[in-house]
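Take a look at the structure set out below.
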Amino acid sequence: MAKNFSTREENYSQWYNELVVKADLAENSAVRGCMVIKPYGYAIWEKMQAALDKMFKETGHENAYFPLFIPKSFFNKEASHVKGFAKECAVVTHYRLKTSDDGKDIVVDEDAKLEEELIIRPTSETIIWDTYRKWIQSYRDLPILINQWANVVRWEMRTRLFLRTAEFLWQEGHTAHETSQEAVKETLTILDIYAKFAEEWMAVPVLKGLKSQSEKFAGAIDTYCIEALMQDGKALQAGTSHFLGQNFAKAFDVKFLSKENKLEYVWATSWGVSTRLMGALVMAHSDDKGLVLPPKLAPIQVAIIPIYRKDEQLEEISEKVRVIKARLEAKGISVKYDDRDTYKPGWKFSEYEFKGVPVRLALGPRDLENGTIEIARRDTLEKEIISIEGVEDIIEKLLAEIQENLYAKALDFRKNKTFSVDTWEEFKMQIEKGGFVMAHWDGTDETELKIKEETKATIRTIPLNNPQEDGRCIFTGKPSKERVVFAKAY
RNA sequence: CGGGGUAUAGCGUAGUCCGGUUAGCGCGCCUGCUUUGGGAGCAGGAGGUCGAAAGUUCGAAUCUUUCUACCCCGACCA
């Protein structure tokens with residue numbers, strides 16, 4: 001495993017790959033650019049799903065499901081949308097296989113060609129808006145607040161574990177509203193949910209803001225995002241919420257009769273987060289010993305390891321553990337008692353460190369004698385011997401402390417990696433070092449593109465509630481009213 | 001799609017230039033004994049169409065041709 005990964009950007013990918021495979025999170029599958037997510041990794045995803053789903057429902061959203069296949073013609077309808085996705089679509093052209101003439105192979109049956117090709121959804125705006133047209137007639141049918149948990153496929157030229165895979169799991173929300181204001185409000189409500197989830201559950205601080213026009217979603221009026229900073233100084237877009245205006249309503253002819261008895265186009269939003277969040281989780285907290293998971297998302301919060309020589313000792317230890325385990329579980333803490341006799345304690349210690357289990361307990365003969373237990377925390381790697389009495393209360397507090405500590409550490413890291421610069425020379429130098437670089441920009445796509453060409457840095461976001469100040473664009477020297485956030489990104 | 005590289009056991013690899021015993025090694029796996037407070041030790045064992053196909057040759061992991069897959073760089077990318 002690479003050492004000092006946070007400072008060795010060039011080896012990062014390799015490090016990450018090894019870590020993830022060793023940590024039992026996921027591995028590359030035989031299918032190009034797709035992932036096999038192992039049970040332990042999937043358990044993290046399930047925890048993320050549960051937390052997000054709850055927040056969506058608390059804000060009035062419902063889950064539904066739409067088809068995986070989208071008729072090709074649907075993509076013709078919104079010009080900028082098709083432009084954004086056309087180059088990365090998987091297309092279904094046939095519906096049958098047959099044995100080849102020489103009997104040796106299975107081949108596509110050319111007679112079974114589809115009249116119209118089907119696109120495997122890269123995102124579901126088109127098929128959902130085609131459906132919404134049938135659901136919406138009057139203002140009484142609005143708003144529609146629907147979320148879908150699904151997989152999507154984007155045939156990326158180059159993939160990267162968790163961050164850009166050909167198939168990925170996500171949730172996509174698609175809402176329909178009477179007014180522009182209501183839709184914008186929805187977009188921001190979701191942005192707040194995403195930020196809250198990232199910070200309170202993942203312990204990853206994020207910047208909330210607006211994307212520049214060139215970085216926005218294909219088909220959106222405005223794209224809002226949460227932007228996180230990884231330990232190697234690169235930025236990661238962790239979630240997006242789009243105000244779609246009436247673009248899709250017009251493309252799919254979705255109109256409603258208003259209270260004023262006028263026929264109007266519906267206002268729309270869409271928003272999503274994906275398994276990329278798991279990449280963010282790994283890259284934000286992990287160290288050279290493996291994953292570090294925030295307690296709120298850890299599938300196993302406490303691992304207990306017995307240390308023994310003889311079976312009688314194990315029995316005695318197990319008896320004690322049963323009591324501790326029951327008390328922890330009564331507090332809603334997930335516990336794994338690893339009494340396998342096929343692995344030794346040292347092996348298990350390492351395994352749970354790889355897996356990022358926040359708290360580890362070890363109980364051996366010495367502890368039985370003294371009425372103690374060894375408690376170790378993953379985030380700081382500290383361990384101490386404490387009295388076994390009331391250990392469940394200590395663990396409960398410790399889990400909360402670890403959750404806070406991870407966030408504080410990540411926030412501190414981001415503060416130290418955020419810089420304000422005012423000249424082009426400073427900018428180029430700082431971008432090379434990584435981190436968020438706050439700089440003035442003249443607001444044009446052209447300048448943004450040139451900066452990207454020269455430095456590979458992009459505008460990650462224009463923060464919400466951004467302080468207004470007079471300045472000059474670092475590239476063109478033209479006047480500017482606010483700083484925007486530049487960084488190299490994944 | 002352009003440029004470069006790689007393909008040998010579950011994983012990592014040696015051997016390829018210069019063809020020649022039964023394709024070697026480490027990790028992992030299996031069995032036994034000893035071990036168990038930070039990834040145990042010793043002994044024995046199993047596991048290979050050398051990416052695929054065709055060719056050259058007495059003989060091919062090694063040479064030739066074609067194909068396929070993967071990796072890196074670029075283009076591309078909410």
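Naming convention: chains lettered A, B, ... in sequence-line order (proteins, then strands); numbering from 1 in each chain.
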What's touching nucleotides 29-35 of chain B from the protein side, N or O pairs under 3.5 Å?
none

- Base B/G38 paired with A/Glu353 side chain (donor-acceptor, <3.5 Å): yes
- Sorted by number, the residues of residues 362-379 of chain A with heavy-atom contact under 4.0 Å to RNA chain B: A/Ala362, A/Gly364, A/Pro365, A/Arg366, A/Asp367, A/Glu374
- Note on the structure: Atom CD of A/Glu125 and atom C1' of B/A78 are separated, to the nearest Å, by 10 Å
- Message: Under 4.0 Å, counting only non-hydrogen atoms across every strand here, what does A/Lys383 touch: a base, just sugar-phosphate, or nothing?
- Response: base
- Message: Suppose we screen for salt bridge (charged side-chain N to carboxylate O under 4.0 Å, His left out). Which residues come up paired with A/Asp379, at least two apart in sequence or across chains?
- Response: A/Arg377
- Just wondering, do A/Leu361 and A/Ile395 contact through their side chains at under 4.5 Å, heavy atoms? yes
- Message: Using a 3.5 Å limit for the pairing distances, which stems of at least 3 consecutive Watson-Crick or G-U wobble pairs does RNA chain B take part in?
- Response: B:1-7 with B:68-74, B:10-13 with B:24-27, B:29-34 with B:40-45, B:51-55 with B:63-67
Polar atom pairs (N or O), protein with nucleotides 74-77 of chain B, under 3.5 Å:
residue, atom, partner, partner atom, Å
B/G74, OP1, A/Lys456, NZ, 2.9
B/C77, O2, A/Arg164, NE, 3.0
B/C77, O2, A/Arg164, NH1, 3.1
B/C77, O2, A/Arg164, NH2, 2.7

- Kindly point out which of B/G38, B/U36, B/A78 is positioned nearest to the side chain of A/Gln237? B/A78
- Measure from CG on A/Leu244 to P on B/A78 and round the result to the nearest Å. 15 Å
- Contacts of type side-chain hydrogen bond (donor to acceptor under 3.5 Å, both in side chains), residue A/Lys336, not counting sequence neighbours: none
- Note on the structure: For A/Thr447, the side-chain hydrogen bond (donor to acceptor under 3.5 Å, both in side chains) test, sequence neighbours excluded, returns A/Asp442, A/Thr444
Quiz: residues 244-251 of chain A side-chain donor-acceptor pairs under 3.5 angstrom, not counting sequence neighbours:
residue, atom, partner, partner atom, Å
A/Gln246, NE2, A/Tyr265, O, 3.0
A/Asn247, ND2, A/Gly219, O, 3.0

- Item | By side-chain contact (heavy atoms from CB on, under 4.5 Å) - contacts of A/Glu369 (at least two apart) | none
- Message: Could you tell me how far apart A/Leu163 (CG) and B/A78 (P) are, to the nearest whole angstrom?
- Response: 15 Å
- How long is the line joining CH2 of A/Trp170 and P of B/A78, in whole Å? 12 Å
- Message: So A/Glu215, base contact, sugar-phosphate only, or nothing? Heavy-atom distance under 4.0 Å.
- Response: sugar-phosphate
- Just call it for A/Tyr352: base, sugar-phosphate, or nothing, with non-hydrogen atoms closer than 4.0 Å on any strand. nothing
- Pairs satisfying side-chain hydrogen bond (donor to acceptor under 3.5 Å, both in side chains), at least one member in residues 313-323 of chain A, at least two apart: A/Ser318-A/Tyr337
- Item | Non-neighbouring partners of A/Glu227 that pass salt bridge (charged side-chain N to carboxylate O under 4.0 Å, His left out), sequence neighbours left out | A/Lys211, A/Arg460
- Describe the nucleic acid contact of A/Arg460 in one word from base, sugar-phosphate, nothing, applying a heavy-atom distance below 4.0 Å. nothing
- Query: How many Å lie between CD1 on A/Ile307 and P on B/A40, as a whole number?
  - Reply: 13 Å
- Atom CD1 of A/Ile317 to atom C1' of B/U36: distance rounded to whole Å? 11 Å
- Task: Output all residues satisfying salt bridge (charged side-chain N to carboxylate O under 4.0 Å, His left out) with A/Arg483, sequence neighbours left out; order by chain, then residue number.
- Result: A/Asp422, A/Glu469
